[in-house]
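A note on names: the letters A, B, ... follow the listed sequences, proteins ahead of strands, and every chain is numbered from 1. Because only heavy atoms are used, hydrogens play no part in the values below, and waters and symmetry mates are left out as well, while side chains stay in.
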Protein chains: 2
Amino acid sequence: MKVVKFGGSSVASATQFEKVAKIVLADPERKAVIVSAPGKRFKEDIKTTDLLITLANSVNENGYDQDALTAVLNRYKEVIEELSLDRQLLTEIEGNIKESISLYRRDYERLLDALKASGENNNAKVMTAYFNALGHKAAYISPKEAGMLVTDEPGNAQILPEAYENIAKLRERDGLLVIPGFFGYSHQGHIVTFPRGGSDITGSIIAAGLDATEYENFTDVDSIYCVNPTLVDKPHELKELTYREMRELSYSGFSVFHDEALQPVFQKGIPVCVKNTNHPEAPGTRIVLERQINDQPVVGIASDNGFCSVNITKYLMNRELGFGRRLLEILEDEHISYEHTPSGIDNMSIIVRSHQLYNGKEERVLDRIRQELLVDDVYIERDLAMIMVVGEGMKHTVGIASKATQALAKSGANIKMINQGSSEVSMMFGVDGATVDQAVKCLYYAYFVD
Amino acid sequence: MKVVKFGGSSVASATQFEKVAKIVLADPERKAVIVSAPGKRFKEDIKTTDLLITLANSVNENGYDQDALTAVLNRYKEVIEELSLDRQLLTEIEGNIKESISLYRRDYERLLDALKASGENNNAKVMTAYFNALGHKAAYISPKEAGMLVTDEPGNAQILPEAYENIAKLRERDGLLVIPGFFGYSHQGHIVTFPRGGSDITGSIIAAGLDATEYENFTDVDSIYCVNPTLVDKPHELKELTYREMRELSYSGFSVFHDEALQPVFQKGIPVCVKNTNHPEAPGTRIVLERQINDQPVVGIASDNGFCSVNITKYLMNRELGFGRRLLEILEDEHISYEHTPSGIDNMSIIVRSHQLYNGKEERVLDRIRQELLVDDVYIERDLAMIMVVGEGMKHTVGIASKATQALAKSGANIKMINQGSSEVSMMFGVDGATVDQAVKCLYYAYFVD
């Protein structure tokens, strides 16, 4: 039993609906279909979710902007007409949206959640109608019916443990199950949306709840690449990578998933397959718990700019029990999350994303470190880039670091930081922001071309 | 004005006393002489301090072991006779020791401190008599007279801030000042010894208090070497290194100083010169605050065995604010000090000295990490060795890491951990204990021979 999720661009038009149906019906294992809101049909197009936010913002004591509602309805109308579905469906969608406006007109946060969720919700209804029109047994399952119980904070739903037991009962249902992504229901009876990567989270929860054999995530790329495809022409496609590798690569927005989306399937060890709705023959990328290590110890290279390091020196620092803990306490107290803490004997660097140290906060943090930890020196180094060289096979291969450092030397990048833990799934290098792209290219050629 | 300290082997016999006097009198800048207790004269010899501990252990209600006292006195007797000093001195030494026994016979800890301290104290008196016999103005200055006020915990003296003001007044004294190392006086009037590296600490405090231009530390090696001389034949001698470099090299017991000994001179920026009593013409090694960086970016390679790493994995660890702080809190709570914490996105290794994780404690720490931090996995990897490649010049040199990792690959060592912070005074490599010696040799050849 597979759970299949389709992203916004995969369900943006009638043509895309046809592709989706073809994909779903090609494999009888595909049981549950998670549907996003209609995304962009072309580069300048506006996503339905954004149209719904505009509509929500237009709601006031006197009503709402009729044009904003029409813009939303037109997205469904186009699909319904082109697929020759029952036009009564559009009337139902309009009724559903107006009902949400009427119910929550005085509570903006709830209104926003209900309208945003309607994008996925109504699209799932259209998808169900299309499967039925094609003569296939399919049922729209609302998150309420599925028992997707979540916490009640608007825009920040967290799944509740009992939801999984409810979802498991759907296994007994006949035919296809079409479920809207992006939201659940709270015990208080409200629609609440997930924080980010919403439909991915729904798919992951449904796959975990149904104990699926695979979670297929259809989007608009053939696979995850071993390096950012804007830096390197036609980079190597990844056939398989582990969850740990995927996480290490996520530094660069490289991963197609939001961080938290895959946690439910990770915990059950369910494989995830990233595939392309527009090119379903491509094998895609499988994300698994464990994989066979082949000759290629490195699977990918991720990089990102916008880091800085807080560099601290204090004579006899490493003899001072509690120094590191007190330093991290100051950061936590100032709501700063850190990435790594490479250290020497009497010095320590804290690598953080620069946006966390804006004016004022930067000075306060430095002052606190000076005064509370009595350090000899503390300063901030800005415009750092981080490079992650990732691969489970690195653990057992002599010479991996040597290849990386040679490639970096060749690129002219001065290595400012190196960090590699005993788990050895990744090696991190800190370099000047200006040198990072060339550095990544040289690493790519060293590991994947030469 | 220079402060000169002589280690135990430098003041172990009459011949050594003659060398010391020659050295001190060769430079009129040498003002204060810090004297250790007589050390070993030959490999199987017993240090006077150890003879004194035996004497202290023999003290009971009925008296003490006369042979143990004679063994101590014989060390001074030999020197006094060979240098033709006044034999009355030996009677004074005997009286001094007996007085301590009588005073502290019911308080073992105080007795031990007083007897241990007498080793240095009486040797300083003999040294003063020798300078005087040679016709030079020299005065024995007891730590009490010098105002070396310390905290009152036996065997763990910490200098009190007011001591420096007292010591500064010694600048006005004429002639040589001969001061015993290893102990101070508490406000309660007790003799209290320093924890470890005792005479080095005294010399460092006196140099700081007198605001000396240099602190000369005479021992029995020509210099600090760039690598452990038991691993490599005749390694490169270090002419100059910074305090930071010296600290990074101290990993391997490579440094001739105990960690805390140099803090007083470091804080005043006073240069330290390590020299050989048996070969004073050799230039020795100078330890300074800042040095001119030459063509050689790496100054030394230190290594040590006996480490282990606690390896922790948790999905989404790096999104969890406070994770690192809570982990370090558990370690602090269990009185475990750590060396480094290299990390990936969702994994973190804590490198500690293995002796801290003995049976029972190991399991408790792992259990606490599992239960309090809800990690996916935690395990301990033993028999790790750490290698530090050290040098201030590394900061501005492209390709340093490349040279190191190539040398390690050549040696056949698999790099398990790498840690280099933004300060870039050092690069740390973690390797299997069995491969470390070969790895250090290959690094030495890469940086200092090829």
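- The contact between N311(B) and chain A is made entirely by side chain atoms (from C-beta outward), counting heavy-atom distances below 4.5 Å.
- Residue S402(B) touches chain A through both its backbone and its side chain, counting heavy-atom pairs closer than 4.5 Å.
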Could you walk me through whether M417(A) and L384(A) pass the side chain to side chain contact (heavy atoms under 4.5 Å, CB included) test, one step at a time? CA-CA 10 Å; M417(A) 276 163 277; L384(A) 290 175; 3.3 Å; yes
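- In this structure, Y447(B) contributes its side chain and I400(B) its backbone to a donor-acceptor pair below 3.5 Å.
- Looking only at heavy-atom pairs under 4.5 Å with chain A, the residue among A413(B), G412(B), P342(B) that has the most is P342(B).
- When each of G324(A), A407(A), S426(A) is scored by its heavy-atom pairs under 4.5 Å with chain B, the top score falls to G324(A).
- Chosen from A401(A), S349(A), S343(A), the residue pairing most often with chain B at heavy-atom distances under 4.5 Å is S343(A).
- With respect to the salt-bridge test (charged N to carboxylate O, under 4.0 angstrom), the residues K314(B) and E320(B) qualify.
- Ion pairing between E248(A) and R244(A) fails under the 4.0 Å rule for side-chain N and carboxylate O.
- With rounding to the nearest 0.5 angstrom, the CD1 atom of I350(B) is 10.0 Å from the CD1 atom of I330(B).
- For E381(B), the part lying under 4.5 angstrom from a heavy atom of chain A is the side chain only.
- Rounding to the nearest 0.5 angstrom, the gap separating the CG atom in D376(B) from the CZ atom in F266(A) is 4.5 Å.
- No other option in M428(A), Q267(A), K416(A) has as many heavy-atom pairs under 4.5 Å with chain B as K416(A).
- Residue D377(A): no heavy atom, backbone or side chain, is found under 4.5 Å from chain B.
- Atom CZ of residue R325(A) and atom CD of residue E332(A) lie 11.0 Å apart, to the nearest 0.5 angstrom.
- At a 4.5 Å heavy-atom cutoff, the contact between I336(A) and chain B is made by backbone atoms alone.
- Within a 6.0 Å sphere centred on NZ of K410(A), heavy atoms belonging to other residues, nucleotides or ligands number 12 at most.
- Only the side chain of Y379(B) comes within contact range of chain A, judged by heavy atoms closer than 4.5 Å.
- Ranking G344(B), G399(B), G430(B), S337(B) against chain A, the residue ahead of the rest is G344(B), based on heavy-atom pairs under 4.5 Å.
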